Amino acid sequence: MEREVRVRFAPSPTGPLHIGGVRTALYNFLLARKLGGKMLLRIEDTDQNRFVPGAEQYIMDALRWCGIVIDEGIEEGGPHAPYRQSERKPMYRQYAQQLIESGHAYYAFDTPEELDAMRARLTAAKVPNPQYNSITRTQMRNSLTLPEDEVKQLLDNEAPYVIRLKVPRKEEIRFNDLIRGWVVVHSSAVDDKVLMKSDGMPTYHLANIVDDHLMEITHVIRGEEWLPSAPLHVLLYRYLGWEATMPQFAHLPLLLKPDGTGKLSKRDGDKLGFPVFPLEWHGTDAESGQPTVSSGYRESGYLPEAFINFLAFLGWNPGTQQELFTMDELIENFSIERVSKSPARFDQNKVRWYNEQYLRAKPDTELAGYLLESLQAQGISCPTDKAEQIAALVKERATFPADLAREAQLFFHRPTSYDEQVISKKWNAQVAGALAAYAQELPSAADTSPEGLKALLTQVVESQGMKIGQVLQVLRVAVTGITAGPDLMAVMSILGAQETAERIEAAVSQLVAS
RNA sequence: GGUCCGUUCGUCUAGGGGUUAGGACUGCAGAUUUUCAUUCUGCCAACAGGGGUUCGAUUCCCCUACGGACUACCA
């Protein structure tokens with residue numbers, strides 16, 4: 001008796017998916033997995049004017065990168081194929097027809113100019129909600145006002161027309177939103193929405209309801225921007241005779257721009273100072289036609305696990321103090337009831353923090369892989385075991401995989417200059433002597449572990465009547481050129497005694513000369 | 001303008017008729033590291049306002065304010 005849970009993510013391919021869309025897809029996926037159901041991807045491309053090449057592929061690539069797995073879709077296939085609405089075009093007509101026959105829809109022949117004129121007239125008359133509705137339709141050219149034979153003639157002559165839903169004049173429409181509870185809207189606030197466009201394509205509203213029904217969708221989880229049209233959808237289910245299997249609705253709070261002024265949109269691109277898209281997007285500027293590039297989380301060095309963990313927490317939380325969740329843990333703990341009602345803003349600091357957590361948790365072998373990759377791009381070769389040592393040492397200093405290579409530079413390039421502040425303050429003949437002595441001992445050192453190197457340094461320095469603190473800072477500058485960096489003894493150990501000695505000698509001779 | 005949705009630290013949030021209103025991020029301070037970072041400890045910081053209901057309201061109700069979405073032959 002219990003129906004299998006089936007959810008869908010239904011974007012329109014008008015551009016790349018932004019992070020709000022990814023979160024919607026994620027919540028759908030989490031619910032499906034949690035309840036042992038199926039996740040479908042349906043492409044809503046009923047607006048032929050807004051089709052953007054590559055967007056569809058982008059959506060699928062982005063979801064895949066995020067680890068959101070689609071069970072049925074245009075690539076995966078499935079029992080309800082096709083999953084692209086443009087390919088389902090012939091299926092919608094009969095439902096619009098059915099609505100006309102049952103008296104719940106009608107033909108409208110108004111031209112765009114007539115519609116504009118109507119709205120202008122209403123606005124001028126200060127009508128609170130100027131729209132095509134139960135009142136204004138009586139003054140328009142449609143199959144409700146025109147004589148039957150004229151309608152027939154118009155249809156026979158293939159005059160352009162749309163099919164509109166006949167929304168009742170006075171009726172309370174209510175539905176139970178999983179996140180918001182009961183939502184009640186009066187039918188007078190709903191307009192006679194176009195169901196079928198003059199090009200023969202259904203609008204979102206019709207196609208969406210028909211497909212959700214045919215595809216046996218049980219839960220519609222979508223953005224809050226759809227809340228105002230949900231009553232219309234409820235009406236559609238009712239008039240089509242599908243109310244008994246109407247899916248449950250859950251309208252997600254929106255993701256706001258960081259300053260809280262308005263919802264995040266695709267057009268925000270890189271304006272906000274952080275990526276809005278999961279993957280880099282190559283588009284064209286609407287006005288100039290010039291190619292544009294918008295940065296993506298993937299290309300910026302974010303790990304998909306971190307990105308997803310962060311996104312999951314933007315509007316949902318498990319009610320515990322745990323912050324780090326794998327996808328499996330998210331699935332295990334997810335529940336739609338715990339999704340918050342209020343919109344959330346994006347916090348760059350927190351995504352970065354998540355990325356650091358996930359990066360450091362990676363095994364050193366994997367980190368070494370990132371490091372080797374970057375190094376190779378720079379034409380630097382490095383043995384795997386050394387890369388692992390370096391990665392383990394510098395990972396605490398990295399937010400992104402690319403930071404590993406940045407931090408590793410000192411292992412592959414001898415310093416070309418030395419920090420002047422430290423030199424002017426701490427460099428003197430005595431220190432130089434101690435360093436030279438250390439460099440001399442180094443090549444024959446028995447123990448080249450960090451501890452061994454430190455013991456040797458202590459021994460040399462103290463034999464010169466100094467304390468290690470007097471030379472350490474200078475030693476660092478001599479070996480690396482700069483004052484900041486990972487543990488010096490560990491650095492020298494990885495560098496090797498010979499290389500370290502040579503670097504010290506080079507520093508001593510250059511600094512004495514100057 | 002109209003309809004609908006929302007409002008707890010700067011941000012993400014927990015909580016719920018009686019709590020020192022909890023956590024995380026950020027910020028600040030201290031400790032460790034004779035460096036930076038990490039790590040650890042601590043600190044700063046919130047119930048939008050006004051009316052009810054109640055012994056008691058941040059929590060329930062109403063109003064106001066503010067924010068947002070929608071208001072297309074776009075989704």
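Because only heavy atoms are used, hydrogens play no part in the values below, and waters and symmetry mates are left out as well, while side chains stay in. Nothing here was measured: the structure is a model prediction, and the numbers come from that model.
One atom, CG of A:Asp211, and another, C1' of B:rA75, lie 14 Å apart when rounded to the nearest Å. Distance CZ (A:Phe313) to P (B:rA14): 11 Å, rounded to an integer number of Å. A:Leu195 places its CG atom 12 Å from the P atom of B:rA75, with the value rounded to the nearest Å. Atom CD1 of A:Ile173 and atom P of B:rC5 are 13 Å apart (whole Å). Per the geometry, CZ belonging to A:Phe249 stands 15 Å off P belonging to B:rC5, to the nearest Å. One interatomic measurement links the two molecules: CG of A:Leu254 to P of B:rA75, which rounds to 18 Å at whole-angstrom precision. Straight-line distance from the CZ atom of A:Arg345 to the P atom of B:rA69: 13 Å, rounded to whole Å. Taking atom CD of residue A:Gln357 and atom P of nucleotide B:rU39, one finds them 7 Å apart after rounding to whole Å.
Straight-line distance between the C1' atoms of B:rU33 and B:rU39: roughly 10 Å, to the nearest whole Å. If you take atom C1' in B:rC28 and the same atom in B:rA65, they sit 34 Å apart, rounded to whole Å. The same atom, C1', is picked in B:rG15 and in B:rU20; the two are 15 Å apart, to the nearest Å. Here, B:rC47 and B:rU59 have their C1' atoms 9 Å apart, quoted to the whole Å. Taking atom C1' in both B:rA45 and B:rG22, the straight-line distance is 14 Å, to the nearest Å. Between the C1' atoms of B:rA14 and B:rG23, the separation comes to 7 Å (whole Å). Going from the P atom of B:rC44 to that of B:rG30 covers 16 Å, rounded to whole Å.
A:Lys454 comes within 4.0 angstrom of sugar-phosphate atoms only, judged by non-hydrogen atoms across all strands, and of no base. Backbone-only engagement by A:Gly315 is indicated by non-hydrogen atom pairs under 4.0 Å involving sugar-phosphate atoms exclusively. Nucleic acid contact class of A:Val194 (heavy atoms, under 4.0 Å, all strands): sugar-phosphate only. A:Asp110 comes within 4.0 angstrom of a nucleotide base, judged by non-hydrogen atoms across all strands. Base engagement by A:Asp487 is indicated by at least one non-hydrogen atom pair under 4.0 Å involving a base atom. Note on A:Arg222: nothing from the nucleic acid sits closer than 4.0 angstrom, heavy atoms only. Residue contacts shown for A:Thr483 include a base, since a base heavy atom lies under 4.0 Å away. Residue A:Arg352 is out of contact with every strand shown, counting any heavy-atom pair closer than 4.0 Å. The residue A:Thr14 sits apart from the nucleic acid: no heavy atom pair falls under 4.0 Å. Counting non-hydrogen atoms under 4.0 angstrom, A:Val422 reaches nothing in the nucleic acid. Counting non-hydrogen atoms under 4.0 angstrom, A:Ile482 reaches nothing in the nucleic acid. Residue A:Tyr204 is classed as a base contact, given a heavy-atom separation below 4.0 Å to a base. Among the heavy atoms of the strands lying under 4.0 Å from A:Asp347 is at least one base atom, whether or not backbone atoms are also near. Among the heavy atoms of the strands lying under 4.0 Å from A:Arg180 are primed sugar atoms or P, OP1, OP2 only; no base atom is included.
Judged by distance alone, with hydrogens and angles left aside, the side-chain atoms of A:Asp268 form a donor-acceptor pair with the main-chain N or O of A:Ser265 at under 3.5 Å. A:Ser187 places a side-chain N or O within 3.5 Å of a backbone atom of A:Arg169 that can act as its donor or acceptor partner. A donor-acceptor pair under 3.5 Å is absent between the side-chain atoms of A:Asn355 and the main chain of A:Ala306, judged by distance alone. A distance-only check finds a donor-acceptor pair linking the side chain of A:Gln470 to the backbone of A:Lys467 [under 3.5 Å]. A:Lys197 places a side-chain N or O within 3.5 Å of a backbone atom of A:Thr46 that can act as its donor or acceptor partner. Between the A:Arg338 side chain and the A:Asn317 main chain, a donor and an acceptor come within less than 3.5 Å of each other.
Of the side-chain N and O atoms in A:Asn317, none sit less than 4.0 angstrom from OP1 or OP2 of B:rU13. In this structure, A:Ser342 does not reach the B:rC5 phosphate: none of its side-chain N or O atoms is under 4.0 Å from OP1 or OP2. An OP1 or OP2 oxygen of B:rG2 is reached within less than 4.0 angstrom by no side-chain nitrogen or oxygen of A:Lys126. OP1 or OP2 of B:rC74 lies within a sub-4.0 Å distance of a side-chain N or O belonging to A:Lys197.
Nearest to the side chain of A:Ala344, among B:rC12, B:rA72, B:rG68, sits B:rC12.
When both pairing distances are held under 3.5 Å, B:rG16 makes no Watson-Crick or G-U pair with any nucleotide shown. B:rU35: no Watson-Crick or G-U partner with both key distances under 3.5 Å is found in any strand. Across all strands shown, B:rU54 has no partner, as no Watson-Crick or G-U wobble contact with both distances under 3.5 Å is found. Taking a pair to require two hydrogen-bonding distances under 3.5 Å in either a Watson-Crick or a G-U wobble arrangement, B:rC28 pairs with B:rG42. Of the nucleotides present, B:rA65 is the one that pairs with B:rU7 by Watson-Crick or G-U wobble criteria, both distances under 3.5 Å. In a base pair of the Watson-Crick type (N1 to N3 plus N6-O4 or O6-N4) or a G-U wobble (N1-O2 and O6-N3), with each distance short of 3.5 Å, B:rC47 is matched with no nucleotide. Partner assigned to B:rU71 is B:rG1, using Watson-Crick or G-U wobble distances below 3.5 angstrom.
Between A:Gly262 and A:Trp353, it is A:Trp353 whose nearest contact on RNA chain B lies nearer the 5' terminus. Nearest-nucleotide positions on RNA chain B place A:Pro486 closer to the 5' end than the other of A:Arg164 and A:Pro486.
You won't find any donor-acceptor pair under 3.5 Å spanning the side chain of A:Lys193 and the base of B:rA72, going by distance alone. The base of B:rC74 sits with one of its N or O atoms less than 3.5 Å from a complementary donor or acceptor on the side chain of A:Arg50.
Taking the six-membered ring wherever Trp is involved, the centroid distance between the rings of A:Tyr354 and A:Tyr302 does not fall below 6.0 Å.
Remark: of the listed residues A:Trp353, A:Tyr297, A:Phe346, A:Tyr358, A:Phe346 is the sole one forming a ring pair (Phe, Tyr, Trp, His ring centres under 6.0 Å) with A:Phe310. Between A:Glu114 and the choices A:Arg119, A:Arg141, A:Arg121, the salt bridge (Lys or Arg N to Asp or Glu O under 4.0 Å) rule is met once, by A:Arg141.
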